[in-house]
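Just dropping this structure here.
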Amino acid sequence: MDRILVINNDFDTMTLLKDLLEKQSYQVKYTSSGDESLQVAKAFAPDLLLVDVLQQNCIEDLKKNSSTADIPIILMTGYSSNDKAIEADVEAIIEKPFLLKQLQEIIQGALAKVK
């Protein structure tokens, strides 16, 4: 079972994503704090990270750490993917609002690259 860590400070979004992803047979954990994301990722050992753009400050720390550096990241944003504020080292960017099918395809594609 693939493990996904959701990093998002919006409780409703985290709960919705957790419920949807668990129905797709993923094991899901979430944190609302980008500052705690490295510790949570080390303990949970996810196969994929879903990170909200407002928590993107944690990406640099995750990429610098040897135990989390190779975990693919999907950045979720309400901004245009052409926005210069989005310059993170990520596998994919998905713009909100998104369809569940679209998210599933991006997740499957990212997971397939690391297996």
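These figures come from a predicted structure and were not determined experimentally.
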Q) Do you know the tightest heavy-atom contact between Ile71 and Ser67? A) CD1-O, 4.3 Å

Under 3.5 Å donor-acceptor pairs involving side-chain atoms of residues 30-41, not counting sequence neighbours:
residue : atom : partner : partner atom : Å
Thr31   : OG1  : Ser33   : N            : 3.3
Ser33   : OG   : Asp35   : N            : 3.2
Ser33   : OG   : Glu36   : N            : 3.2
Ser37   : OG   : Gly34   : O            : 2.6

Q.
By the definition side chain to side chain contact (heavy atoms under 4.5 Å, CB included), identify the one residue from Asp2, Leu5, Val6 that meets it with Val28.
A.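 Looking at Asp2, Leu5, Val6, the match for Val28 under the side chain to side chain contact (heavy atoms under 4.5 Å, CB included) is Val6.
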
Q: Compare every heavy atom of Gln55 with every heavy atom of Asn8, then report the nearest pair and how far apart it is.
A: CA-CG, 4.2 Å

Q) Is there a side-chain contact between Ile94 and Ile74 (heavy atoms, below 4.5 Å)? A) yes

In a table with atom names and distances, give each donor-acceptor pair under 3.5 Å that connects a side chain of residues 44-54 to protein atoms at least two apart or in another chain.
residue : atom : partner : partner atom : Å
Asp47   : OD2  : Arg3    : N            : 2.7
Asp52   : OD1  : Lys96   : NZ           : 2.5
Asp52   : OD2  : Leu54   : N            : 2.9

Q. Counting heavy atoms not belonging to Asp19, are there more than 12 under 6.0 Å from its CG?
A. yes

**Q.** Met14 and Leu17, any side-chain heavy atoms less than 4.5 Å apart
**A.** no

Q: For residues Gln27 and Ile4, determine if any side-chain heavy atom of one lies less than 4.5 Å from a side-chain heavy atom of the other.
A: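 SC-SC contact between Gln27 and Ile4 ruled out.
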
**Q.** Check against side-chain contact (heavy atoms from CB on, under 4.5 Å), Ile59 and Val90
**A.** CA-CA 8 Å; Ile59 294 173; Val90 297; 3.9 Å; yes

Q) Is Ile107 close to Tyr26 at the side-chain level, that is, under 4.5 Å between some pair of heavy atoms? A) yes

Q. Got a sec: does the NZ of Lys29 have more than 12 other heavy atoms crowding it under 6.0 Å?
A.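 Counting neighbours around NZ of Lys29, 12 or fewer heavy atoms of other residues, nucleotides or ligands fall under 6.0 Å, so no.
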
Q: Report yes if the side chains of Leu99 and Gln104 come closer than 4.5 Å at any heavy-atom pair, otherwise no.
A: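 Answer no - side chains too far apart.
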
Q) Crowded around Gln102 CD? As in, over 12 foreign heavy atoms under 6.0 Å? A)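 For Gln102, atom CD is crowded (more than 12 foreign heavy atoms under 6.0 Å).
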
(Q) Contact between Leu20 and Leu103 at the side-chain level, heavy atoms closer than 4.5 Å - yes or no? (A)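 Of all side-chain heavy-atom pairs linking Leu103 with Leu20, none is under 4.5 Å.
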
